[in-house]
Amino acid sequence: MSMFDAFGPLDDLIQVIYQGTHRFVLLSKVDFDAAVPGWDVHLGLADAGRWWRGRWEEKDVVGFVGADVSETLLETFADNLAGTVTQGDLFIGDWSAEKGADIKIIFGPSGKKPLPIPLTELSAEEAAIFVANELFSLGLNAQQRKCRLNPPAIPVYSSIPAAPAAPRRNSPPPTKKPRRASPSPPPPSSYKPKEANTPRRIPKETRNPPPEPRPAKPKSKGGVIKKGRKVQDMEFASDDE
């Protein structure tokens, strides 16, 4: 078992450092599978394209924490170092912009026992190879986010409809239930039907009323109608005749 198995919290960390007028970026990685496992740190200077590299191996860990340290203490030590990175408690010691200058990165400069790691500057070719490899790793990780460098703040939904799920082998095909015809809603109370423009039909009986019946002639007894006699005025002779 390697001592660096407890250094998992220090793997794949990145932090920016502002110091004076300079801007730096720090990358922390743990090389678990190497023939000689170790902890690698890279420091890059923005706007200049310069890179420095530092490495801690098992002999360096033993020299700082001791040989007879338990796995629990090693994990606590690695957690504390990772905390200095995430909180930005970092400092670049003996800084000089000159080529070949000996500089170092200090973890936890405000703590009781800061950890300094010496840095060696990479050549231009080594720096370019390192940057290209890092960008390739970023590209691989971005494939899981639809080739986005950073995960979107708002979930992205595809406009392509999802294919319907295939039915199970043992399950019967779904049967369609007949749809119920929904009753039409009644007309509102204020609804008034339109009056028809066609004239009303008049019953035949009321179109041409029958003529009024004439009063019947009185009948005499025996069914014979007696004619009335004319009364003639009677004339009387005068006394002179």
Side-chain angles (χ1 to χ4, degrees), residues 3-34 37-57 60-61 64-65 74-156:
M3 298 181 71
F4 289 98
D5 290 341
F7 278 55
L10 288 166
D11 191 32
D12 283 339
L13 295 181
I14 186 170
Q15 182 61 279
V16 295
I17 304 170
Y18 295 94
Q19 189 165 317
T21 58
H22 302 288
R23 297 176 301 154
F24 300 89
V25 58
L26 175 74
L27 281 79
S28 170
K29 286 193 175 182
V30 180
D31 195 356
F32 299 101
D33 302 326
W39 171 34
D40 293 324
V41 292
H42 285 83
L43 183 71
L45 177 60
D47 302 326
R50 298 173 65 183
W51 284 90
W52 290 262
R53 178 175 180 257
R55 181 177 176 86
W56 244 32
E57 296 181 355
D60 300 305
V61 178
F64 193 84
V65 298
L74 276 178
E75 291 176 352
T76 303
F77 175 66
D79 283 336
N80 292 337
L81 284 177
T84 63
V85 177
T86 57
Q87 296 171 13
D89 190 11
L90 303 165
F91 185 77
I92 301 166
D94 302 330
W95 165 247
S96 175
E98 295 183 2
K99 291 285 185 179
D102 294 330
I103 64 174
K104 53 190 173 184
I105 179 72
I106 302 175
F107 294 83
S110 60
K112 295 181 179 179
K113 193 176 181 181
L115 171 62
I117 296 182
L119 301 175
T120 303
E121 187 172 1
L122 302 179
S123 65
E125 183 180 0
E126 290 173 335
I129 293 173
F130 170 74
V131 172
N133 290 339
E134 290 300 313
L135 290 176
F136 183 79
S137 298
L138 288 176
L140 285 178
N141 294 330
Q143 288 182 347
Q144 303 174 3
R145 301 185 294 269
K146 294 186 177 181
C147 298
R148 293 181 179 272
L149 188 59
N150 298 313
I154 302 175
V156 178

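In this text, all values refer to a predicted model and were calculated from it rather than measured experimentally. Numbering of residues begins at 1 and proceeds along the displayed sequence.
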**Message:** Assess the residue pair Trp52 and Leu122 against the criterion (side-chain contact (heavy atoms from CB on, under 4.5 Å)); give the C-alpha distance rounded to whole Å, side-chain angles, the decisive distance to 0.1 Å, and a yes or no.
**Reply:** CA-CA 6 Å; Trp52 290 262; Leu122 302 179; over 6 Å; no
**Message:** Within a 6.0 Å radius of atom CG on Asp102, are there more than 12 heavy atoms belonging to other residues, nucleotides or ligands?
**Reply:** no
**Item:** Side chains of Phe136 and Val131 in contact at under 4.5 Å (non-hydrogen atoms)
**Value:** no
**Message:** Could you tell me if the side chain of Ile17 sits less than 4.5 Å from the side chain of Ile105, heavy atoms only?
**Reply:** yes
**Request:** State, to 0.1 Å, how close Gln15 and Gly88 come at their nearest heavy-atom pair, and which atoms those are.
**Result:** NE2-N, 3.7 Å
**Item:** Separation between CD1 of Ile103 and CD1 of Ile92, rounded to the nearest 0.5 Å
**Value:** 6.5 Å
**Nearest-0.5 Å distance that lies between atom CZ in Arg55 and atom CZ in Arg53** = 6.0 Å
**Asked** For Leu74 and Phe7, which heavy atoms make the closest approach, and how far apart are they?
**Response** CD2-CE1, 4.4 Å
**Message:** To check you understand the geometry: which heavy-atom pair defines the closest contact between Ala78 and Ala6, and what is its length?
**Reply:** CB-O, 3.3 Å
**Message:** Rounded at 0.5 Å granularity, tell me how far CD in Glu75 sits from CG in Asn80.
**Reply:** 12.0 Å
**Prompt:** Parallel, tilted or perpendicular: which describes the rings of Phe77 and Trp56, with under 30° parallel and over 60° perpendicular?
**Reply:** parallel
**Message:** I'd like to know if the side chain of Arg148 reaches the main chain of Pro151, judged simply by a donor and an acceptor atom lying under 3.5 Å from each other, with no hydrogens or angles considered.
**Reply:** no
**Request:** State, to 0.1 Å, how close Ala127 and Gly49 come at their nearest heavy-atom pair, and which atoms those are.
**Result:** CB-O, 4.4 Å
**Request:** Using the salt bridge (Lys or Arg N to Asp or Glu O under 4.0 Å) rule, collect all pairs that involve residues 9-32, keeping only residues at least two apart or in two chains.
**Result:** Arg23-Asp47, Lys29-Glu134
**Message:** For a quick test of reading the model, state the closest non-hydrogen atom pair linking Lys104 to Pro116 and the distance between them.
**Reply:** CD-CB, 4.2 Å
**Message:** Assess the residue pair Leu43 and Val25 against the criterion (side-chain contact (heavy atoms from CB on, under 4.5 Å)); give the C-alpha distance rounded to whole Å, side-chain angles, the decisive distance to 0.1 Å, and a yes or no.
**Reply:** CA-CA 6 Å; Leu43 183 71; Val25 58; over 6 Å; no
**Step-by-step side-chain contact (heavy atoms from CB on, under 4.5 Å) determination, Phe130 to His42** = CA-CA 9 Å; Phe130 170 74; His42 285 83; 3.5 Å; yes
**Asked** Is a side-chain donor-acceptor pair under 3.5 Å present for Ser28 with Trp39?
**Response** yes
**Prompt:** Are side-chain heavy atoms of Asn141 and Leu149 found at a separation under 4.5 Å?
**Reply:** no
**Fill in**
For Gly54 and Leu119, the nearest pair of non-hydrogen atoms, with its separation, is N-CD2, 3.6 Å
**Asked** More than 12 heavy atoms of other residues, nucleotides or ligands under 6.0 Å from CG of Asn133: is that the case?
**Response** yes
**Asked** Which distance, rounded to the nearest 0.5 Å, do you find between the CG of Leu115 and the OG1 of Thr84?
**Response** 8.0 Å
**Audit row: Leu90, Ile106, side-chain contact (heavy atoms from CB on, under 4.5 Å) steps and yes/no** = CA-CA 6 Å; Leu90 303 165; Ile106 302 175; over 6 Å; no
**All side-chain contact (heavy atoms from CB on, under 4.5 Å) counterparts of Lys112, not counting sequence neighbours** = none
**Message:** Side chains of Leu10 and Phe107, heavy atoms from C-beta outward: is any pair under 4.5 Å?
**Reply:** no
**Prompt:** ring-ring contact (aromatic ring centres under 6.0 Å, His included) between Phe24 and Trp95: does it pass, once the steps are laid out?
**Reply:** CA-CA 12 Å; Phe24 300 89; Trp95 165 247; 5.1 Å; yes
**Item:** Arg50 side chain near Lys99 side chain, heavy-atom distance below 4.5 Å
**Value:** yes
**Request:** Please name all residues satisfying side-chain hydrogen bond (donor to acceptor under 3.5 Å, both in side chains) with Ser110, sequence neighbours left out, ordered by chain then number.
**Result:** Asp89
**Prompt:** Within 45 degrees of the axis of the six-membered ring of Phe64 and under 6.0 Å from its centre: does Lys113 put its NZ or CZ there?
**Reply:** yes
